[in-house]
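Report on one structure; see the data block that follows.
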Amino acid sequence: MSRLIVISNRVSPPRTESGAGAQGGLAVALAAALKEYSGLWFGWSGNKIEEFTGHIDMQRAGGVTTATVDLEEQDVDEYYNGYANRTLWPLFHYRIDLAEYDRGFGSGYKRVNERFADTVAPLIDPDDLVWVHDYHLIPLGQELRARGLKNRIGFFLHIPWPPSRLLVSLPNHQELVESLLAYDVIGFQTEEWLESFRHYVERELDGRVDEDGTVHVRGRTVHVAAYPIGIDYAEFSEAVETPVAKEACERLRGSAERKRVVIGVDRLDYSKGLAERFHGYQRFLEKHPEQRSEIFLLQIAPPSRGEVATYEEIRENLDELSGRINGEFAEVDWVPIRYVNQGYPREELAGFYRAAPIALITPLRDGMNLVAKEYVAAQDPEDPGVLILSRFAGAALQLKDALMVNPYSPDEISDAIFAALAMPKEERIRRWRGMIESVRGEDVVAWRHAFVSALENAKPAVAVEPA
Ligand code: GDG
């Protein structure tokens, strides 16, 4: 059987066999795939060094072999903080107002992709399957081909693919998209992002996409499809039954003193719609003064990407906004928003989800959103909570029984909170049953199987036709 080589910006293997529960579902799922295929996981160590050496640090952890490299400070600034997180991340989340176009970022991005290719290529055997992840590494497949690799190489995009009319605002957009044609399989989270990609291929590259997802462009054929990522359902449903989760659940319930918890869990990121969510919650407090002290919002928002200025700004903005709402509405014995800027171990998080009768997950744009699925998985089947979900999260295409809202509308958020509070148990159970079916069936293992089988079935690299 072929080995599987996973390449992503960061590498996050389970620390030990038994510590897998502390990791995100993606790490657990990829680790399982790597064990199955006895493969390798390659990426940046997260460390900065003075001068790039290409030295590979090989480790064996939790049954998985990882290979990491350190990057130079300039690489991290231009590639990671720059092109990936100040250009592509905002643009792909429809925020061209925040996207920064700087040639230095572009050349740093290219340089790091070349460095990754130089370093990883010698580790790849001819019949290995190669699976590249996410927006940091779009041109990596092309760089690997330039180094002679004929392997089957696939790419999965974890974030949305933007509409063509936005994407064309990126200088050299065509070059970036064309570099994707070096892959054999390209996966998106949803049909919606796939649709935008198809549109770009047809309008900007003069290509054709068949009904079965075969892209024909510039003499290349590539298979494209939607592979919606899921959570590690088995792992998560176990996590919620652990003593740690139960204690966390009791701790939160105890502190709630019969008030109902509305929970939000998000990386501190503008795409998650936190300010808009706070405004919607504020609208609810204004419109329903009689229900004010019956609930509170627990927003867990661990900081991310602290070196990017926009993230500092959003943090300040949210500190100010939550402070203002709390100042305006708090009573001596009640605070409307508990806004927590720290992360919690996974099992505790599972317990918090279980303690919350309502989840408010309202990203402005999200490739998928795993928190929504984790919330559903953590519920008590006899007395499940209500999921309020943004229609702009990829997860909305699967979790159709959630209370769907437009996250830009404070009134819709307010109305949904009101409806969730009043929802009869039978309706909660009916909606939850609809959602858990997808969360359980379309889990991360199914996602991985679907993608890897598509890659296995792809024809090995097709020669480029002469112009
Ligand atoms: C990208 C795409 C796509 C959060 N706070 C804590 C914590 N988390 C965990 C959650 C969840 C994960 O982080 C977040 O996943 P999301 O899917 O919600 O969002 P992104 O980080 O933006 O992920 C997204 C995903 O990739 C996968 O393809 O769904 O659309 O943007 O698992 O639980 N985990 C712990 N403590 C925390 O405080 N332990």
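Both backbone and side-chain heavy atoms feed into the values below; hydrogens, waters and symmetry mates do not. Counting starts at 1 for both ligands and their atoms, following the listed order. Start at 1 with the first residue, then count along the sequence. Just so it is clear, the model here is predicted, and its values are computed rather than measured.
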Does any N/O atom on His93 come nearer than 3.5 Å to any N/O atom on ligand 1?
-> no
If you measure from the Lys or Arg side-chain nitrogens to the Asp or Glu carboxylate oxygens, is any gap between [X] and [Y] under 4.0 Å?
X: Glu36; Y: Arg448; result: yes
X: Arg283; Y: Asp411; result: yes
X: Lys48; Y: Asp75; result: no
X: Asp128; Y: Arg3; result: yes
X: Lys373; Y: Glu442; result: no
X: Glu437; Y: Arg433; result: no

Can you find a non-hydrogen atom of Trp447 under 4.0 Å from ligand 1?
->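 For ligand 1, residue contact (heavy atoms, under 4.0 Å) with Trp447 is absent.
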Below 4.0 Å from any atom of ligand 1, is there a heavy atom belonging to Gln189?
-> yes
For ligand 1, note which part of [X] has a heavy atom under 4.0 Å away: side chain, backbone, both or neither.
X: Val265; value: side chain
X: Leu370; value: both
X: Pro345; value: backbone
X: Arg267; value: side chain
X: Phe352; value: neither

Select the closest option to atom 11 (C) of ligand 1 among His158, Glu374, Arg346, judged by heavy-atom distance.
->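 That would be Glu374.
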Would you mind finding which of Val340, Leu349, Thr190 brings a heavy atom closest to atom 6 (C) of ligand 1?
-> Leu349
Tell me whether the centres of the aromatic rings in Tyr339 and Phe278 are closer together than 6.0 Å.
-> yes
Proximal ligand 1 atoms for Gly367, defined as those under 4.0 Å from one of its heavy atoms | 30 (O)
Identified ring-ring contact (aromatic ring centres under 6.0 Å, His included) partner of Trp161 from the options Phe156, Trp193, Phe197, Tyr94 =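 Exactly one candidate clears the test, Phe197.
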